[in-house]
Amino acid sequence: MTTETQSAVAGRLREVLDCVTIRFAGDSGDGIQITGQQFTTTTAIFGNDLATFPDFPAEIRAPAGTLAGVSGFQIQFSNRDIHTPGDRPDVLVAFNPAALMANIKDVPPNGVVIVNTDSFGEVDLRKAQCTSNPLEDGTLSAYNVFKVPITQLTLKALEPVPISHKEKERCKNFFALGVLYWLYNRPMEPTLKWFQQKFGKKDPKLVEANTLALKAGVGYAEATELFRSQYDVPPAAYAPGRYRNVMGNEALALGLVAAGKLCGLPVFYGSYPITPASDVLHELSRHKNFGVTTFQAEDEIAAVTAAIGASYAGALGVTGTSGPGVALKSEAINLAVMVELPLIICDVQRGGPSTGLPTKTEQADLLQALFGRNSESPVCVLAPATPSDCFHIAIEAARIATKYMCPVFILSDGYLANGAEPWRIPKVADLPRFEVKFRTTPDCFYPYLRDERTLARPWATPGTPGLEHRIGGLEKSHIHGNVNYDAENHDFMCRLRAAKIQRIVQDVPDLEVNGDEDADVLVIGWGSPYGSIMAACQEARRKGTKVAQAHLRYLNPLPANTGKVVARYKKVLVPELNLGQLLMVLRSKYLVPARGLNKVQGKPFKVSELADAIMQEAKNLS
Amino acid sequence: MSPTTPTPPAAPALPAYTKKDFQSDQEIRWCPGCGDYAILNAVQQVMPTLGIPREKFVFVSGIGCSSRFPYYMNAYGFHTIHGRALAVATGIKLAKPDLQVWVVTGDGDGLSIGGNHMIHALRRNVDLKILLFNNRIYGLTKGQYSPTSELGKINKSAPFGTLEQPINPISLALASEATFIGRSVDIYPRHLMELLRRVSAHKGAAFVEIFQNCNVFNDKAFAAMTEKDVRDERNIQLEHGKPLVFGKNRDRGIRLNGLKPQVVKLGENGVTEKDLLIHDEHDVALAYLLSRIGHPEFPLPIGVFRAEKLPTLEERNRQQMDQVRAKLGEGDLERLLNAGDAWDVK
């Protein structure tokens, strides 16, 4: 829906839009991510709902100007509740030919394309493998193209600043940001403030330079006759409260800090740097005043085993990694299964197998988390649905791990990790508090004597007089915990460990179904596609298809009513960014003829592709 | 004490421990005649004398014959997975620095599968008491060569002899910046106990190589150096501040000839004790030199190669936490969640 009014600026139209998707694209050294993040912060403060999708190469500085080096940042913002960063950008800002060519196919006809004409020289074109200049050869004829000499204009604006030519050139992203701020009527203040914070102490000249670049962009957009319209995307109607932007990894780290506070345990985070999980380590390492110990281990195995050691000694032991790291940690996770100590394993999934697509998203570690260890190895598995949900899932993981004395997986992914959304900041008083009980008295103490309700064994930490005991990875006898190779005991203990994890179901809320109760089609998902699935179901409903939707945050154990829910519908669709892992679980567990909607392209689902698939399935039924 | 002096409140008296207090009820399952028994015995004898409450002791191990050790100690014990004991122990120590954590490992567990953790636990100076039982063979898997097996050794997985240069555990520990490094032998109980007492007193990563006989798969591996009738002539006890003298009659010593060590006879060619190297536990270069010598060209050095007091990882961790607290204040969750660019919706 668009309403047009006469703009305050003479001769300009002022249009009101519901929703806009912008994609910034350039070299990985062009500051694309920073530009996107600044647009995001400003837009959040302005009051729009938003979702972002940063998409960058694994190489820190891939060869400049090449297709391999293109970094992108997409944001959708709106005056209403939105769930995804948008399928296709309404606006593409391309800093060079490679960025243009890599992204143009995603822009719908008549979409806005803003290009930096200063980087379309012969060499730039050759690096992008263009045989002719796309600005001239008709490639862009279907689009609304704005050719802006961004580099030249930036250099000109920065003439008075005594910094090098190269440093001036590097400010061009903020010139472009200025253009977009004018186009979408955003305030400059948040970014100006950020310049001060970022460069104020280090180099005031850079504050001046970037400020000039941003203002020059705004000024240029206003003065040039290139742009016919200015657009307003009014603030969304939010529930009252205090908000901030949050990315998944940040939320996960904050959730772990909060979990430690809420149960009164010091957090120990053992990790080995790995994309896209490293930001959790970075964030946690800043919070030592919360008693958080971060341990950058020599490898993935040391990271998890140190966390197990810390947990044994009474801390909240956490390790974080991505899929390849989980593979390395498997044996140690099994140790935690066997010795029944709390352990949180954060798996920020990425494209695989092997090194795979380090910076791209995928959710293909579900079966690894559930089964990727030797022998019978039951663990609890949780998955956040949105970036901010990572916060709540971290607390939930800690609560379950300490209550049931078991490893708990958190399956986040690259999309959640780096994606941002506005988050209504919870009040600490509203967060769930949970008590952790250590065993302190020696009467009737046996290391494997279990709580009747949870089947958890006691947590008896070294240093406690009278509770000296031995634990280890060898099979142990029921109650006493002594090494035991007896056949019946092993069978019993395997079943007992599985039963304990199953008992967690008493702490798992029932699966809720949203949408049309009387629909024939149920769409059930897990993890990061939540937003896409939600938006696709809404889209399908808007177009007249009845559809029910459910989303799993608990993957093991599954909510108690899951079987009933999936049995209720004629058709069960399971969209996943893998080749059918939850699908396999649901089919084998509940014997339902569920169908998968699967892709592994290192990208999130598009709303349109899911909506089309849902509507098609519904049509096939009728 | 005069009757007028007020008596200070006594610290809760430590129970009068005996060796028995450190023996668990578990049946010991090492092969009869294994050197592990002697080491266990030495440890159980030393523990009651250290003045530390029993509940403060944690024994952590990996996998291998030696790694069954924690089951036999009546203390806290954690039998972990192959090679990873040091990493588990690091986590324990960081979480609860007041525990005295002993790691029992072997040449396979500690230098092969766990070699990486060894390097890093040592360089970080985690306050761990690391006992590496070196029998130069894989025992629990029945006789394959280990990273300390001699080049050319014939064994089950190398029937025509091994092709690999063995690692020198003491040199490795030095290169890894261990702050305490010692060596003893399973059949030298008094020497071993004395060394264990020093290990207990040392604050920081303490690495002890213990020659341990595997009488089933590598019997008499150290006999040529350690049998009763030869040990005086073929061992040299390192003593801080004292010249490197050895021999039953203490008539031989080690001196430097240029940069090369050399065995000399005292009284021959005018050589006196003054010409000999003086052992210095703070001299890393000397320690390295001593780590490279041994039977048959030289006597085998036993005792303490290096002892240096340096801050431990857990001390640094606490200190940094205190500093950050002093700077930023005690962590306030409400403030943390509301940090950054937050905005209000009315």
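Only this structure's heavy atoms are used, side chains among them; waters, hydrogens and symmetry mates stay out. Quick caveat, the model's predicted, so the values are computed rather than measured.
Interface check for chain B: of the options A:T294, A:L474, A:L254, the most heavy-atom pairs under 4.5 Å are formed by A:L474. Note: A:G291 leads A:P422, A:A307, A:G291, A:S311 in heavy-atom pairs under 4.5 Å with chain B. Ranked by heavy-atom pairs under 4.5 Å with chain A, the list B:A95, B:P70, B:A75 is led by B:A75. Contacts with chain B were tallied for A:I45, A:N245, A:L431; A:I45 has the most, counting heavy-atom pairs under 4.5 Å. Comparing B:T80, B:L86, B:L336, B:L94 by how many heavy-atom pairs each has under 4.5 Å with chain A, the most go to B:L336. Ranked by non-hydrogen atom pairs under 4.5 Å with chain B, the options A:A44, A:A239, A:P426 are led by A:A44. Comparing A:P465, A:G473, A:A315 by heavy-atom pairs within less than 4.5 Å of chain B, the highest count is held by A:P465. Comparing B:A121, B:G83, B:G91, B:A85 by heavy-atom pairs within less than 4.5 Å of chain A, the highest count is held by B:G91. Taking A:T461, A:V483, A:T41 one by one and counting their heavy-atom pairs under 4.5 Å with chain B, the maximum is reached by A:T461. Contact count versus chain A (heavy atoms, under 4.5 Å) is highest, among B:H82, B:K93, B:E330, for B:E330.
Counting only N and O atoms by type, the side chains of A:T293 and B:N317 include a donor and acceptor under 3.5 Å apart. Remark: the A:H392 side chain and the A:D389 side chain contain no N/O donor-acceptor pair separated by less than 3.5 Å. Using modelled atom types, one finds a donor on one side chain and an acceptor on the other under 3.5 Å when comparing A:N374 with A:N334. When only modelled atom types and interatomic distance are considered, A:T321 and A:K329 share no side-chain donor-acceptor pair under 3.5 Å. A donor atom on one side chain and an acceptor atom on the other are found under 3.5 Å apart for B:Q26 and A:N482.
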TODO: Check step by step if side-chain contact (heavy atoms from CB on, under 4.5 Å) holds for A:F391 and B:L337.
DONE: CA-CA 10 Å; A:F391 176 83; B:L337 299 184; 3.7 Å; yes

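Contact annotation for A:W194: neither backbone nor side-chain heavy atoms come within less than 4.5 Å of a heavy atom of chain B. For chain B, the nearby part of A:L341 is the side chain; its heavy atoms alone come within less than 4.5 Å. Residue contact with chain B, scored on non-hydrogen atoms closer than 4.5 Å, involves the backbone and the side chain of A:P462 alike. Residue contact with chain A, scored on non-hydrogen atoms closer than 4.5 Å, involves the side chain of B:R29 exclusively. For A:A332, the parts lying under 4.5 angstrom from a heavy atom of chain B are both the backbone and the side chain. Looking at A:V292, only its backbone comes within 4.5 Å of chain B, counting heavy atoms on both sides. The contact between B:R68 and chain A is made entirely by side chain atoms (from C-beta outward), counting heavy-atom distances below 4.5 Å. Contact annotation for A:Y312: only side-chain heavy atoms (C-beta onward) come within less than 4.5 Å of a heavy atom of chain B. Both the backbone and the side chain of A:H469 come within less than 4.5 Å of a heavy atom in chain B. Of the atoms belonging to A:A302, heavy atoms from both backbone and side chain fall under 4.5 Å from chain B. In this structure, the portion of A:I425 lying under 4.5 Å from any heavy atom of chain B is its side chain and not its backbone. Only the backbone of A:A460 comes within contact range of chain B, with at least one heavy atom under 4.5 Å from a heavy atom of that chain.
Taking 4.0 Å as the cut-off between side-chain N and carboxylate O, A:E340 and A:K476 do not count as a salt-bridged pair. Checked for salt-bridge contact, B:E334 and A:K261 miss the test: no charged N lies under 4.0 Å from a carboxylate O.
Among B:K203, B:R316, B:K96, the one residue that satisfies the salt bridge (Lys or Arg N to Asp or Glu O under 4.0 Å) test with B:D127 is B:K203. Screening A:R424, A:R242, A:R244 for a salt bridge (Lys or Arg N to Asp or Glu O under 4.0 Å) with B:D344, the sole residue that qualifies is A:R242.
Stacking of A:R457 on the aromatic ring of A:Y448 is recorded, both the 6.0 Å distance cut-off and the 45° axial limit being met.
Residues of residues 98-119 of chain B lying under 4.5 angstrom from chain A, judged on non-hydrogen atoms, are B:L99, B:N116, B:H117 in numerical order. Using a 4.5 Å heavy-atom cut-off against chain A, the contacting residues of residues 46-61 of chain B are B:R54, B:E55, B:V58. Residues of residues 318-326 of chain B lying under 4.5 angstrom from chain A, judged on non-hydrogen atoms, are B:Q320, B:M321, B:V324, B:R325 in numerical order.
Note on ring orientation: taking the six-membered ring where Trp is involved, the planes of A:F295 and A:F268 are tilted (angle from 30° to 60°). Below 30°, between 30° and 60°, or above 60°: for B:H202 and B:F180 the angle between ring planes is between 30° and 60°, a tilted geometry.
Using a 4.5 Å cut-off on side-chain heavy atoms (C-beta onward), B:P169 and B:F207 make contact. Between A:V257 and A:V267, the closest side-chain pair of non-hydrogen atoms is not below 4.5 Å. Looking only at side-chain heavy atoms (C-beta outward), A:E250 and A:W423 stay at 4.5 Å or farther from each other. Looking at heavy atoms from C-beta onward, B:L313 lies out of side-chain contact with B:N125 at the 4.5 angstrom threshold. The closest side-chain heavy-atom distance from B:D21 to B:P15 is not below 4.5 Å. By the 4.5 Å heavy-atom criterion applied to side chains, B:Q23 and B:N74 are not counted as neighbours.
Here the closest non-hydrogen pair linking B:S66 and B:F133 is CB-CD2, 3.3 Å. Nearest heavy atoms, A:T464 versus B:Y76: O-OH, 2.6 Å. Of all the heavy atoms in B:Y72 and B:L40, the pair that sits closest is CB-CD2, 3.8 Å. Nearest heavy atoms, A:T319 versus A:G270: OG1-O, 2.8 Å.
Listed by first then second residue, pairs satisfying salt bridge (charged side-chain N to carboxylate O under 4.0 Å, His left out) with a partner in residues 77-87 of chain B number zero, not counting sequence neighbours.
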